[in-house]
2 protein chains.
Amino acid sequence: MADGPKGETTGKRQTRVRRNPEETRRRILEAATEEFSAVGFEGGRIDSIARKAKANQRMIYHYFGDKAGLYVAVLEQALSDLREEELQLTVDTFSPREGLLRLFDFISGHFDRHPELVKLLSGENLLDAAHLRRSDATPVISSPLLGLVTQLLERGAADQSLRAGLNPLHLYVSMVALSYFHLSNAATLSVIFTTDLRCDDWRAEHRAMARNMLDVYLGAIA
Amino acid sequence: MADGPKGETTGKRQTRVRRNPEETRRRILEAATEEFSAVGFEGGRIDSIARKAKANQRMIYHYFGDKAGLYVAVLEQALSDLREEELQLTVDTFSPREGLLRLFDFISGHFDRHPELVKLLSGENLLDAAHLRRSDATPVISSPLLGLVTQLLERGAADQSLRAGLNPLHLYVSMVALSYFHLSNAATLSVIFTTDLRCDDWRAEHRAMARNMLDVYLGAIA
DNA sequence: GGCACTAGTAAGTATTCATTTACAAATGTT
DNA sequence: AACATTTGTAAATGAATACTTACTAGTGCC
């Protein structure tokens, strides 16, 4: 039983909520995603995350080990979510060109719907992917989408609707560049060009223009 | 005159180097550029910057006010350097299409030669351009390159080598996307795809592919 | 019901960090 | 030469921060 002084704190304590380890861990992860995507790893604060999660700081160390462990878990969760959606994609019923355009639509749509992923990836690159390199969850971060690009390019070479010998990784990186950059760098671009690159109209128009650029290119590499 | 205890420190002091305020300020700015481009604003450390600069921490506050002031000065310097190079560009003697390709070559070349600018811009976007917004050096951060894009598109519309009505900012942002993303996100892409996107061969090939994509697109919007 | 273990709370600790204080030396001005 | 100002050094300070310690309460198992 508690001694005097400590017994006093018992009176101060609010009644504890029922235990729910999965729910606590989930809330911590969600709060950490919000925090790290807003200010990056070094800007993130453990006490701020605990507060947002309505959990004790101790629980962060209990579930994740340390701040870096939490951050890696956040990255893995975000990349795992992306992978889950990528695994739903099928492009078998489309022509190679249309299939590639559908992949572009998926990529740009996913980044539009998940600005936190854009921020997390940008932040992790700032740190030279030092934390992601430590991840041992390779299967959850690997992207099946490159495989789809490869398949489509092979199919296009076979039916001669696309030129043979195209490098899928180069094409993939260009497609992602056209989907990602206007989101990731919207803040500085808006300041430098005194134009709001964040409004929905601008973004929709930009996606359409970028999609058209890709489409024209795919038509030309026929 | 020094009192007793403090007089003792005189004996400890190394002989001071000759004063050179411009040189000290330059070394601090250079060291801060290195530090902030490596780890971002929040990851940057004043003592680390002072050490790299071979200057006293006090001097950082003397010249720049505070950490944020130093960071803004770093951003302004980097953007001013870019602007200086952009102001050297002329595309008057080129066809609109060739002129735009030359601008693409400039953009991608500048980012290749200045990886610290890529990191600084990515880092500042992570912070929602909060520091850049505070900059009052608007003339040095504004980019003349968009004006060149605009001129070329207008000239192309006039001589009918390019379609009329194209939005210069959308085209500009796409051109920068194709020049920047493979550099800014090379770290995470290398981990996810277990391919080194940092080697020179990969980058040269990627630039050529991206340039071709732009070229094809410009040909198609004739 | 008792015991062992885990989830969770509250508070504390050591270190880090940006910034300031106090002062000395170099330099410019009179 | 004396004085004023600026550049620069060294150390200190207060706040922030990640993480740990000590403990309590909830839960599972026997």
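Naming convention: chains lettered A, B, ... in sequence-line order (proteins, then strands); numbering from 1 in each chain.
Ring planes of B:W202 and B:H206: parallel class, angle under 30° (limits at 30 and 60°). Ring-plane geometry between A:Y71 and A:F41 is classed as tilted, the angle between the planes lying from 30 to 60 degrees on a 0 to 90 degree scale.
Using a distance-only test at 3.5 Å, with no hydrogens or angles considered, a donor-acceptor pair links the side chain of A:R133 to the main chain of A:D128.
Side-chain atoms of A:K67 lie closest to D:dC19 of the nucleotides C:dT9, D:dC19, D:dT9. In this structure, of D:dC19, C:dT19, D:dT17, it is D:dC19 that holds the atom nearest to the side chain of A:D66. Comparing D:dT17, D:dT9, C:dA7 by their closest approach to the side chain of A:R45 singles out D:dT17. The B:Y63 side chain lies nearest to D:dT7 when the options are C:dT19, D:dT7, D:dC19.
Rounded to an integer number of Å, the gap from B:I60 CD1 to C:dT21 P is 18 Å. The CD1 atom of A:I49 sits 14 Å away from the C1' atom of D:dC19 (whole-angstrom rounding). If you take CD of A:E35 and C1' of D:dA18, they are 13 Å apart, rounded to a whole angstrom. The distance between atom CZ of B:R51 and atom P of C:dA18, rounded to the nearest whole Å, is 11 Å. Put simply, CG on B:D47 is 13 Å from C1' on C:dT15, counting in whole angstrom units. C:dA10 atom C1' lies 13 Å from atom CE of A:M59, rounded to whole Å. Rounding to whole angstrom units, NE2 of residue B:H62 and C1' of D:dG8 are separated by 9 Å. When rounded to the nearest whole Å, the span between CZ of B:F41 and P of C:dC17 equals 13 Å.
With B:Y172 as the fixed residue, the side-chain contact (heavy atoms from CB on, under 4.5 Å) test singles out one of B:I107, B:L103, B:T150: B:I107.
When ring centroids are compared, B:Y180 and A:F181 come within the 6.0 Å threshold.
If you check every strand for non-hydrogen atoms under 4.0 Å, A:I46 touches sugar and phosphate atoms only. The residue A:F64 sits apart from the nucleic acid: no heavy atom pair falls under 4.0 Å. The residue A:G44 sits close only to the backbone: its heavy atoms come under 4.0 Å of sugar-phosphate atoms, none of a base.
Residue B:Y61 has no polar side-chain atom (N or O) positioned under 4.0 Å from OP1 or OP2 of D:dG8. Between A:T24 and C:dA7, a side-chain N or O to OP1/OP2 separation shorter than 4.0 Å is absent. Note on A:R58: every side-chain N or O is 4.0 Å or more away from OP1 and OP2 of C:dG8.
Toward the 5' end of DNA chain D, the nearer of the two residues A:N56 and B:P21, judged by each one's closest nucleotide, is B:P21.
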